[in-house]
Amino acid sequence: MTVVPNPERDPFLERWNAFYERVHDVAATLALYPIEGSAERVRLGMPLRPEITQPAGMFSAPAMFGLADIAGTWLAMENVPDDTFPLAVQSSINVVSNAREGDAIANATLVRAGRTIIVTDTRVESDAGVLLANIVTTYVVTPRR
């Protein structure tokens, strides 16, 4: 489930919940949860579960990429009008470490937010603060259809 409690009426969580009340994507499969979001930064978490591990019991690279992709996409969405959607057209991932327990935390920040192109840099870290992966993604801003 990707809809989360929002007793303080946080605007980012309101957008998150409205989106996931109508969209079912890989965020549910990865059990992602929002930590915070703004036009400058989006942070999401992902618990380590058997369904997303590689044979050695650590986070799989595709799971870390999925976490980073969704964090970066949400950051890009925070920087476009409501009638547009940022489409990822290029991503570069460097997996540098891994973890056998705890959560992975994605911290997406803007490299550049232009009228037609948005570039994000997402660091995925263990909940102990160890860098697991770094992902740079380029988005094209297109009108929703």
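It should be emphasised that the depicted structure is a prediction, and the values quoted were computed from it without experimental measurement. Basis for what follows: all heavy atoms, side chains included, without hydrogens, waters or symmetry-related copies.
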Undergrad: I'd like to know if the side chain of N134 reaches the main chain of I93, judged simply by a donor and an acceptor atom lying under 3.5 Å from each other, with no hydrogens or angles considered.
TA: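 Judged by distance alone, no pair lies under 3.5 Å.
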
Undergrad: I need the Q90 CD to I117 CD1 distance, nearest 0.5 Å.
TA: 11.0 Å

Undergrad: Is atom CD of E101 surrounded by more than 12 heavy atoms (other residues, nucleotides or ligands) closer than 6.0 Å?
TA: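 No, because the 6.0 Å sphere around CD of E101 holds 12 heavy atoms or fewer from other groups.
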
Undergrad: Examine distances only and state if a side-chain atom of T142 and a backbone atom of F85 form a donor-acceptor pair shorter than 3.5 Å.
TA: yes

Undergrad: Determine the minimum heavy-atom distance between V124 and A104, stating which atoms define it.
TA: CG1-CB, 3.9 Å

Undergrad: Quick one: does L132's side chain get under 4.5 Å of V95's, heavy atoms only?
TA: no

Undergrad: How about E36 and V42: do any of their side-chain heavy atoms sit closer than 4.5 Å?
TA: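 No, their side chains stay 4.5 Å or more apart.
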
Undergrad: Do any N or O atoms from the side chain of D10 and from the backbone of N6 form a donor-acceptor pair under 3.5 angstrom?
TA: no

Undergrad: Assigning hydrophobic clusters by single linkage (Ile, Leu, Val, Met, Phe, Trp, Tyr; side-chain heavy-atom cutoff under 4.5 Å), is V136 placed with F65?
TA: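 No: no chain of side-chain contacts under 4.5 Å links V136 to F65.
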
Undergrad: Under 4.5 Å between side-chain heavy atoms, hopping through other hydrophobics if needed: is there a path connecting V141 to V89?
TA: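 As far as the 4.5 Å side-chain criterion goes, V89 and V141 are not connected within one cluster.
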
Undergrad: So, taking the atom named CE in M77 and the one named CH2 in W16, what distance separates them when rounded to the nearest 0.5 Å?
TA: 9.5 Å

Undergrad: Do any N or O atoms from the side chain of R41 and from the backbone of G37 form a donor-acceptor pair under 3.5 angstrom?
TA: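 A pair under 3.5 Å: no.
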
Undergrad: How many angstroms lie between atom CD1 of I135 and atom OG of S92, to the nearest 0.5 angstrom?
TA: 8.5 Å

Undergrad: Just checking R100: does its CZ atom have more than 12 heavy atoms from other residues, nucleotides or ligands closer to it than 6.0 angstrom?
TA: no

Undergrad: Is Y33 linked to F19 within one hydrophobic cluster, defined over Ile, Leu, Val, Met, Phe, Trp and Tyr using a side-chain heavy-atom separation of less than 4.5 Å?
TA: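 Looking at the clustering, F19 is in a separate group from Y33.
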
Undergrad: Look at the side chain of N98 and the backbone N and O of F59, then say whether any donor-acceptor pair between them is shorter than 3.5 Å.
TA: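 Judged by distance alone, yes, a pair lies under 3.5 Å.
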
Undergrad: Give me the atom names and distance for the closest heavy-atom approach of S38 to L75.
TA: O-CD1, 3.6 Å

Undergrad: Which is it for R43 and I105 under the side chain to side chain contact (heavy atoms under 4.5 Å, CB included) test, yes or no, and what are the steps along the way?
TA: CA-CA 7 Å; R43 294 185 73 220; I105 308 297; 3.3 Å; yes

Undergrad: At their closest point, which heavy atom of R49 faces which heavy atom of A31, and how far apart are they?
TA: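 Heavy atoms of R49 and A31 come nearest at NE-CB, 3.7 Å.
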
Undergrad: Kindly compute the distance separating CE (M46) from OG1 (T29), expressed to the nearest 0.5 Å.
TA: 12.0 Å

Undergrad: Testing the basics here: between A106 and T122, what is the closest heavy-atom pair and its distance to 0.1 Å?
TA: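 Smallest heavy-atom distance, with atoms named: CB-CG2, 3.9 Å.
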
Undergrad: Is there a side chain to side chain contact (heavy atoms under 4.5 Å, CB included) between E21 and V3 once you walk through the steps?
TA: CA-CA 7 Å; E21 284 173 351; V3 175; 3.9 Å; yes

Undergrad: Please name the pair of heavy atoms, one in L30 and one in L67, separated by the smallest distance, quoted to 0.1 Å.
TA: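 Closest approach of L30 to L67, heavy atoms only: CD1-N, 3.9 Å.
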
Undergrad: For the residue pair Y20 and W74, does the interplanar ring angle fall in the parallel (under 30°), tilted (30 to 60°) or perpendicular (over 60°) class?
TA: tilted

Undergrad: Between S97 and V130, what is the shortest heavy-atom contact and its length?
TA: OG-CG1, 3.9 Å

Undergrad: Would a distance-only check, ignoring hydrogens and angles, find a side-chain to backbone donor-acceptor pair under 3.5 Å from Y139 to T73?
TA: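 Side chain of Y139 to backbone of T73, a donor-acceptor pair under 3.5 Å: yes, one is there.
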
Undergrad: Backbone N or O of A39 within a donor-acceptor pair of the N79 side chain at under 3.5 Å?
TA: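 It does hold such a pair.
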
Undergrad: For D127, which residues count as a side chain to side chain donor-acceptor pair (under 3.5 Å) partner, sequence neighbours excluded?
TA: none

Undergrad: Under 3.5 Å, is there a donor-acceptor pair between the side chain of S60 and the main chain of I52?
TA: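 Yes; at least one donor-acceptor contact below 3.5 Å.
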
Undergrad: Identify whether L48 and M58 are in the same connected component of the hydrophobic contact network (ILVMFWY, side-chain heavy atoms under 4.5 Å).
TA: no

Undergrad: Starting from L87, can I reach V23 by hopping between I/L/V/M/F/W/Y residues whose side chains sit under 4.5 Å apart?
TA: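 The answer is yes; both residues are in one hydrophobic cluster.
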
Undergrad: Under the side chain to side chain contact (heavy atoms under 4.5 Å, CB included) rule, what do I70 and L44 come out as? Steps first, then yes or no, please.
TA: CA-CA 8 Å; I70 292 176; L44 305 178; 3.8 Å; yes

Undergrad: Side chains of L110 and I118: does their closest heavy-atom pair fall under 4.5 Å?
TA: yes

